[in-house]
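Residue numbering restarts at 1 for every chain, and letters A, B, ... go by the order of the sequence lines.
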Amino acid sequence: MEQEQPLNELMQVRRNKMEELRSRGIEPFGPKYEASHYSTEIIEKFDSLEGQRVTVAGRLMSIRSHGKATFAHLQDYRGQIQVYLNLNQVGEEQYKNFELVDIGDFVGAAGEVFRTRKGEITVNVNEYTYLAKALRPLPEKWHGLKDVEIRYRQRYVDLIVNHEVKETFINRSRIIQTMREILNRWGFLEMETPILQTIAGGALARPFITYHNTLDMKLYMRIATELHLKRLLVGGLDKVFEIGRIFRNEGISTIHNPEFTSLEIYESYADYETMMELTENLIYEIAQTVFGTGRIIFQGKEIDLTPPWPRESMVEVVHKFSGVDFSQIQSDEEAFTAGKNAGLEMDKGLSWGDILYMFFEEFCEEQLLSPVFVTGFPIEVSPLAQKMPGDPRLTLRFEGFIGGWEIANAFTELNDPIDQRERFEQQLTRREAGDDEAHVMDEDFITALEYGMPPAGGLGIGIDRLVMLLTDNISIRDVILFPTLRPRTDLD
RNA sequence: GGGCCAUUAGCUCAGCUGGUAGAGCACCUGACUUUUAAUCAGGGUGUCCCAGGUUCGAGACCUGGAUGGCUCACCA
């Protein structure tokens, strides 16, 4: 890709045409061009535009030449429109020069709108301009581009020829834009916190490590925005959010990309129930605004996002899907036996909470298709959440599930610095036992809590998965423009 | 990281039991002034992913490797 390769015939032909244009005094890479209408506007407003002169600009996607008349389809941002060139209309010189056009070239065209004998709304061109010559051929018009490797590596080609792909990424942009607008309207401020960090905290995950030359030190790419946003609550910025890229050094799958986008929201003087209402209202309103409905179709099944979503405790959910009732299990030993009986791989030292969570992951998560908030997460996996009053094994935390995927994660934020230090210390014990995803100690965060953090609800939403759900895509690579792939050098 | 599958022309794909590579579109030449998967006549443009091996002969069989997809493990 980096180096010049011998040109194949198709590319050589296009270069020859480019040179021929130049020798005729025509610049193949032309100047700016003002289109009066998008293709779709001309079609929609045909009644008033018929016989009117319009200008259009875009990429030629098909050409049908009939000697002294030529039809072609011009594709712009919105869609396609047919253009018609007639020898008498454009004159011999322009007509001859149009013979050097290729599928893929950008052109601007001016002419009157009319309807052909076969009924297609068309621009009868009397003047056109070369805007950019395409030196490489596009994939075939009929079957398009299917090779997923090329689709991901050369997304620009995918976007040109696969209409639904363009739709998905336009919708992704609208989803995020709508999210911002709603949160701003609700009085939240968008913040930007460090991506390069000396301590990568706020989640249980392995970070990417990088290096700063001048400071001569390791830096970590953030795995969450959580701990910095909560420092802002300490500072008195009551309602904040951040939409940003985070990085986790984990495996890649249809639902995992090493870099992905999260939304985190923190609201002072609130709790996790506030966040439940916020979550269901936010997602419902996004669906309404972007897609005009709160009932989406995902993989052929309808999912109703209308609030309120049911709330169920993890103990209840585990009981429902595995038949094991943790409300009747008290000790770690009983839980261990239950896990063994259920065929789970049990390591020594697992606690009641660990095992409850294993049951949940193993038997429940993928069953949670319609929206549901699962509450009552074990403290072992929730080092930043407040304990549940009356049951110190559990926390005031929920996760929102839709389509079998975790979409949201929220808790009543732990703001007791003494408790927070103990939690970090428990995580350190896990880390020393070999769990390199356990949370690291963050002294400055504890210092911040010691200054006092108001009670707060905090929420994280995985934007990529939300986009997958709302756009009906089952691979995260189909909602990330340039997903992480191994490099290749043998593509031309 | 493990398992399974895929990789052949610019694109989408076929290629049998091992006999020296094909189709459609695209492209090139010519014809054609309302076509639309335009049509008609002619033209095959190739590192069969890479490197070894078996064989008289490999796109095909064997070994190793690369990249991708799915999946398991891990995670969100």
Side-chain angles (χ1 to χ4, degrees), chain A residues 5-14 16-17 61-73 80-90 95 99 102-104 114-122 124 134-154 157-158 160-162 202-206 223-224 246-263 345 361 365 381 399-401 405-409 435-437 460-466 468 474-478 483-492:
Chain A
Q5 297 215 340
L7 301 176
N8 69 33
E9 186 204 329
L10 297 177
M11 287 175 64
Q12 190 57 57
V13 163
R14 285 166 182 250
N16 293 345
K17 288 179 181 173
M61 297 304 285
S62 64
I63 301 168
R64 294 172 294 284
S65 160
H66 301 69
K68 290 170 180 141
T70 298
F71 292 89
H73 273 102
Q80 293 194 354
I81 182 126
Q82 182 166 258
V83 294
Y84 174 61
L85 273 87
N86 182 301
L87 177 63
N88 297 341
Q89 191 70 228
V90 297
Y95 197 83
E99 286 168 359
D102 281 301
I103 289 174
F114 77 113
R115 198 189 278 277
T116 64
R117 256 181 231 161
K118 296 285 173 67
E120 180 158 353
I121 294 164
T122 302
N124 187 5
L135 298 180
R136 288 173 185 266
L138 289 178
E140 191 219 337
K141 61 184 171 189
W142 196 242
H143 297 93
L145 178 64
K146 291 184 177 169
D147 185 321
V148 287
E149 197 170 343
I150 301 177
R151 287 189 46 228
Y152 297 151
R153 288 187 196 281
Q154 298 181 274
V157 181
D158 193 26
I160 293 167
V161 299
N162 290 325
L204 308 181
R206 280 201 299 268
I223 55 173
I246 59 183
F247 308 86
R248 295 191 184 173
N249 209 338
E250 312 276 357
I252 295 176
S253 78
T254 49
I255 52 170
H256 298 94
N257 196 63
E259 53 178 311
F260 62 105
T261 305
S262 80
L263 163 68
E345 205 171 303
E361 289 190 310
E365 281 191 356
V381 294
E399 286 188 352
F401 284 83
W405 295 331
E406 182 203 326
I407 294 292
N409 178 24
D435 181 357
D436 53 6
E437 280 155 13
I461 290 180
I463 288 182
D464 308 273
R465 289 194 190 165
L466 180 63
M468 288 167 72
I474 54 165
S475 171
I476 200 168
R477 297 181 202 98
D478 291 322
T484 305
L485 297 177
R486 284 192 155 90
R488 274 193 89 131
T489 52
D490 58 337
L491 291 173
D492 68 341

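- Among the atoms of the strands shown, only primed sugar atoms or phosphate atoms (P, OP1, OP2) are found under 4.0 Å from some heavy atom of A/Glu406.
- For A/Glu9, the listed nucleotide lying nearest its side chain is B/C28; candidates were B/C28, B/C70, B/U35.
- A donor N or O paired with an acceptor N or O is found under 3.5 Å between the base of B/U35 and the side-chain atoms of A/Thr116.
- Judged by distance alone with a 3.5 Å cut-off, no donor-acceptor contact links the side chain of A/Glu149 to the base of B/U7.
- Heavy-atom contacts from other residues, nucleotides or ligands closer than 6.0 Å to CD1 of A/Ile252 number more than 12.
- Nearest nucleotide to the side chain of A/Ser65, out of B/A26, B/C32, B/U35: B/C32.
- In this structure, A/Gln89 and A/Tyr95 have side chains that are not in contact, with every pair of non-hydrogen atoms separated by 4.5 Å or more.
- Of all nucleotides listed (B/G69, B/A76, B/U34), B/A76 comes nearest to the side chain of A/Ile476.
- In terms of position along RNA chain B, the nucleotide closest to A/Pro137 lies nearer the 5' end than the nucleotide closest to the other residue of the pair A/Pro137 and A/Ser253.
- A close approach under 4.0 Å does not occur between any side-chain nitrogen or oxygen of A/Lys146 and OP1 or OP2 of B/U12.
- When the side-chain nitrogen and oxygen atoms of A/Arg477 are compared with OP1 and OP2 of B/G69, one or more of them lie within a distance under 4.0 Å.
- Using atom P as the reference point in both B/C62 and B/U7, the two lie 14 Å apart (nearest Å).
- B/A21 and B/A58 are spaced 13 Å apart, taking the C1' atom of each and rounding to whole Å.
- Two residues are said to be in side-chain contact when any heavy atoms from C-beta on lie closer than 4.5 Å; A/Glu140 and A/Val161 fail this criterion.
- For A/Tyr84 and B/A38, the OH to P distance is 17 Å, given to the nearest whole Å.
- Here B/C70 is the nucleotide among B/U36, B/C70, B/U12 with the atom lying nearest to any side-chain atom of A/Thr254.
- Proximity of A/Arg486 to the phosphate of B/U67: a side-chain N or O atom is located under 4.0 Å from OP1 or OP2.
- At whole-Å resolution of the value, CZ in A/Arg136 and P in B/C11 are 11 Å apart.
- In the set B/A38, B/C74, B/U34, B/A38 carries the atom at the smallest distance from any side-chain atom of A/Lys141.
- Listed nucleotides: B/A38, B/A76, B/G69. Nearest to the side chain of A/His66: B/A38.
- The residue from A/Asp158, A/Asp478, A/Thr484, A/Asp147 that alone fulfils the side-chain hydrogen bond (donor to acceptor under 3.5 Å, both in side chains) condition with A/Tyr152 is A/Asp478.
- In this structure, A/Met61 atom CE and B/A26 atom C1' are separated by 12 Å, rounded to whole Å.
- A/Ile407 comes within 4.0 angstrom of nothing in the nucleic acid, heavy atoms only.
- Taking every side-chain heavy atom of A/Asn8 into account, B/G10 is the closest of B/G10, B/C74, B/C11.
- Residue contacts shown for A/Leu485 are limited to sugar-phosphate atoms, with no base heavy atom under 4.0 Å away.
- Between the CG atom of A/Asp147 and the C1' atom of B/G69 there is a distance of 10 Å, rounded to whole Å.
- Within 4.0 Å of A/Gly460, counting heavy atoms only, lies no atom of the nucleic acid at all.
- Rounded to an integer number of Å, the gap from OH of A/Tyr152 to P of B/U67 is 17 Å.
- Rounded to whole angstrom, the span from the CD1 atom of A/Ile252 across to the C1' atom of B/U71 amounts to 15 Å.
- Looking at heavy-atom distances under 4.0 Å, A/Glu437 makes contact with sugar-phosphate atoms alone, never a base.
- Where A/Leu87 and A/Leu138 each meet RNA chain B at their nearest nucleotide, the meeting point lying more 5' is that of A/Leu138.
- Here, B/A6 and B/A14 have their C1' atoms 15 Å apart, quoted to the whole Å.
- Rounded to whole Å, the separation between the P atoms of B/G24 and B/U39 comes to 12 Å.
- Atoms CZ (A/Phe401) and C1' (B/A76) sit 10 Å apart, rounded to a whole Å.
- Nearest approach of A/Ser475 to A/Met468, heavy atoms of both residues: C-CE, 3.7 Å.
- Heavy atoms only, all atoms of each residue included: A/Leu135 and A/Met11 are closest at O-CG, 3.4 Å.
- Counting any heavy atom pair closer than 4.0 Å across all strands shown, A/Arg206 reaches no nucleic acid atom.
- Contact annotation for A/Asn16: no contact, since no heavy-atom pair falls under 4.0 Å across all strands.
- Rounded to a whole angstrom, the distance from the C1' atom of B/G52 to that of B/A66 is 15 Å.
- A/Asp102 places no side-chain N or O within donor-acceptor distance of the main-chain N or O of A/Pro137, the cut-off being under 3.5 Å.
- Comparing the P positions of B/G15 and B/A51 gives a spacing of 25 Å, expressed to the nearest Å.
- For the P atoms, the distance linking B/A76 with B/G3 amounts to 26 Å, nearest Å.
- Listed for the A/Asn409 side chain is no donor-acceptor partner under 3.5 Å among the backbone atoms of A/Glu399.
- When distances are taken from the side chain of A/Lys17 to each of B/C27, B/A37, B/G68, the shortest belongs to B/C27.
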So what's the dot-bracket for RNA chain B: Watson-Crick or G-U pairs under 3.5 Å, [ ] if a pair crosses, | if it pairs off-strand? (((((((..((((.....[..))))((((((.......))))).)...(((((..]....))))))))))))....
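- Residue contacts for A/Phe260: at a heavy-atom cut-off of 4.0 Å it reaches a base atom on one of the strands shown.
- The distance between atom CZ of A/Phe114 and atom P of B/U33, rounded to the nearest whole Å, is 16 Å.
- Residue A/Leu10 is classed as a base contact, given a heavy-atom separation below 4.0 Å to a base.
- A donor-acceptor contact shorter than 3.5 Å is absent between the side chain of A/Arg206 and the backbone of A/Asp436.
- Distances from the side chain of A/Val13 to the nucleotides B/G68, B/C27, B/U35 place B/C27 closest.
- The side chain of A/Glu140 approaches B/G10 more closely than any other nucleotide in the set B/G10, B/G69, B/A76.
- A/Arg64 comes within 4.0 angstrom of a nucleotide base, judged by non-hydrogen atoms across all strands.
- Summarising the geometry of A/Leu466 relative to A/Ile461, their closest heavy-atom pair is CD2-CG2, 4.3 Å, with the distance given to 0.1 Å.
- Here A/Arg248 lies in heavy-atom contact (under 4.0 Å) with a base.
- Shown here for A/Ala224 and A/Arg248, the closest heavy-atom pair between the two residues is CB-NH2, 4.3 Å.
- Between A/Phe114 and A/Tyr84, the two ring planes are tilted [angle within 30° to 60°].
- A gap of 10 Å separates the P atoms of B/C61 and B/U17, to the nearest Å.
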